[in-house]
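Each remark here refers to the structure printed beneath this line.
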Amino acid sequence: MNGRHRNILIGISLVAAMGVTMHTGAQTPGDIQQAVDAAYAKFRTLQEGKNADYIPALAKVDPNLFGIAVVTADGKVYTAGDVKTEVSIQSISKVFTMAQVIEEQGLDSVEKQIGVDATGARFNSIIAVEAVRTVVGSGAPEMNPLVNPGAISATSMVRGATSDAVWQKIIGFHNDAAGRQLTVLQDVYKSESDTNQRNQAIGALMLAYGYIKNNWQQAVDLYTRQCSIGVNARDLATMGATLAAGGRNPVSGKQVMNSSKVPGVLAVMATAGLYDDSGKWLYHTGLPAKSGVGGGIVAVSPGKFGIAVVSPPLDDAGNSIRAQRAIADISNAIGGNPYAPRAK
Ligand code: DON
């Protein structure tokens, strides 16, 4: 290689390297920790919203609990506040049970049997169940696995000879995504089991209309149990990072799901992850995300990071107020929005 060619090659390499930097909007560890600390300080004293109380055990959780965690796609962890205390995962479990069904039975299975469209109704709407029933057999239902009827259906689709066999698969998938053994918060499980008549009605209707093929009682029970899994902010951020990193848990190194199936999971999160407020959320952050009435929200910046906040007080749509604000601030500060133009 002569000198001129070498110089051209060095020039091309430099441009490529700059291109990569511009593409990732590369942040230093200091930048990320600073954004996390700034959001913690800004929202720690925010007193808005109210714990969910339709599940009695949730009303008793400390409303001041506030923890933030970011786990990058290469496994670095940044935290602020309380990232150890567990809350019940609630609806965030819907993402991982949906992911498990997609992993086991393919993207088509969820699209055809449950649907991947927003319902435009609240997460536990029975009217939404009535609205979709006429399209059974004539196309994909206008439903999705992140609202209760679709989530109970997704749980019913997990294959297993016994209830315990199905449960082992569900908790196993959550464990792999979090990178540790999670356990059920028994007080929450009991409290929700005692008061989940509405979900039982939804399960029975989903059987009546052909979305659940059998044993709706088992599906509702396992759904209630998966919602009672205890997680902290760091667990949730690791679960988000697993999706950000193409299905590979970047902390444990385990490939939890096939990377080709992850975009489907993220698409449903973008469409329906924050219920009635999913559009507003996407408008401001561009991030696929999922909330739970236990106070957690997890969001995913594909290829970059998972981020989670735990803070129990919720807004009227059922989404944690501090979590929404902190995640939006941090992600926007560190270039998390996949729709944002590349930095110049
Ligand atoms: O089925 C329920 O009502 C709860 N186990 C889960 C609801 C939930 O987390 C909705 N979240 N925003």
Side-chain angles (χ1 to χ4, degrees), residues 49-59 61 86-98 114 118-129 143-156 170-171 174 184-206 212 216-231 236 239 268-269 271-281 288-299 308-324 327:
K50 191 168 146 302
N51 283 25
D53 57 8
Y54 75 100
I55 300 169
L58 301 187
V61 178
E86 293 178 1
V87 295
S88 52
I89 189 169
Q90 295 297 339
S91 284
I92 300 170
S93 67
K94 292 167 175 167
V95 170
F96 296 91
T97 299
M98 162 179 71
I114 300 173
T119 60
R122 279 187 70 77
F123 62 86
N124 57 2
S125 168
I126 287 175
I127 290 175
V129 181
M143 173 71 71
N144 67 75
L146 301 185
V147 288
N148 291 12
I152 294 167
S153 301
T155 301
S156 81
I170 292 173
I171 187 78
H174 284 72
V184 167
L185 301 178
Q186 291 298 335
D187 61 325
V188 178
Y189 178 44
K190 177 164 187 341
S191 178
E192 186 163 350
S193 298
D194 288 346
T195 54
N196 70 352
Q197 290 76 21
R198 190 180 179 100
N199 283 340
Q200 292 181 45
I202 288 173
L205 280 176
M206 293 301 273
I212 291 182
W216 64 268
Q217 289 99 332
Q218 175 177 303
V220 173
D221 175 51
L222 291 177
Y223 164 78
T224 305
R225 214 186 303 178
Q226 77 181 45
C227 287
S228 310
I229 294 172
V231 285
L236 290 175
M239 295 168 95
V268 184
M269 291 170 76
T271 306
L274 267 71
Y275 303 108
D276 317 25
D277 281 351
S278 297
K280 235 189 283 172
W281 170 260
K290 184 72 201 83
S291 61
V293 290
I297 296 184
V298 61
V309 171
V310 167
S311 167
L314 311 178
D315 64 14
D316 289 343
N319 299 315
S320 165
I321 293 182
R322 283 198 200 108
Q324 291 176 79
I327 292 173

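One-based numbering, in listed order, for ligands and for the atoms of each.
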About how many Å separate CG of Leu146 and OG of Ser278, when rounded to the nearest 0.5 Å?
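Separation between the atoms: 8.5 Å.
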Ignoring hydrogens and angles, tell me if any N or O in the side chain of Asp187 forms a donor-acceptor pair with the backbone of Ala57 under 3.5 Å.
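Judged by distance alone, no pair lies under 3.5 Å.
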Based purely on interatomic distance, does [X] place a nitrogen or oxygen under 3.5 Å from a nitrogen or oxygen of ligand 1?
X      : result
Lys290 : no
Ser91  : yes
Val293 : yes
Asn319 : no

Would you say [Y] and [X] are linked by a side-chain donor-acceptor pair, where the criterion is simply a distance under 3.5 Å?
X      : Y      : value
Ser228 : Glu192 : no
Gln200 : Asn196 : yes
Asp277 : Gln324 : no

Using a 4.0 Å heavy-atom threshold (strictly under), name the region of Asn196 that reaches ligand 1: side chain, backbone, both or neither.
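The answer is neither.
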Part of Asn148 within contact of ligand 1 (heavy atoms, under 4.0 Å):
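Near ligand 1, Asn148 shows its side chain, while the N, CA, C and O stay back.
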Please could you name the atoms of ligand 1 that [X] approaches to less than 4.0 Å, counting only its heavy atoms?
X      : answer
Cys227 : 5 (N)
Tyr54  : 2 (C), 3 (O), 4 (C), 6 (C), 7 (C)
Glu192 : 1 (O), 2 (C), 4 (C), 5 (N)
Tyr223 : 1 (O), 2 (C), 4 (C), 5 (N), 6 (C)
Gly318 : 12 (N)

Who's the nearest protein heavy-atom neighbour of atom 4 (C) of ligand 1, and how far?
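Of every protein heavy atom, Gln90 OE1, 3.1 Å lies nearest to atom 4 (C) of ligand 1.
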Protein heavy atom at shortest distance from atom 12 (N) of ligand 1:
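Result: Tyr275 CE1, 2.8 Å.
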Which heavy atom in [X] sits nearest to a heavy atom in [Y], and how many Å separate them?
X      : Y      : result
Lys290 : Leu274 : N-CD1, 4.1 Å
Leu314 : Gly295 : CD2-CA, 4.2 Å
Phe96  : Met239 : CZ-CB, 3.5 Å

For Asn124, is the nearest heavy atom under 4.0 Å from an atom of ligand 1?
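In this structure, Asn124 fails to qualify as a contact of ligand 1 - no heavy atom is under 4.0 Å.
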Apply side chain to side chain contact (heavy atoms under 4.5 Å, CB included) to the pair Val129 and Met206, showing each step before the final yes or no.
CA-CA 7 Å; Val129 181; Met206 293 301 273; 3.8 Å; yes
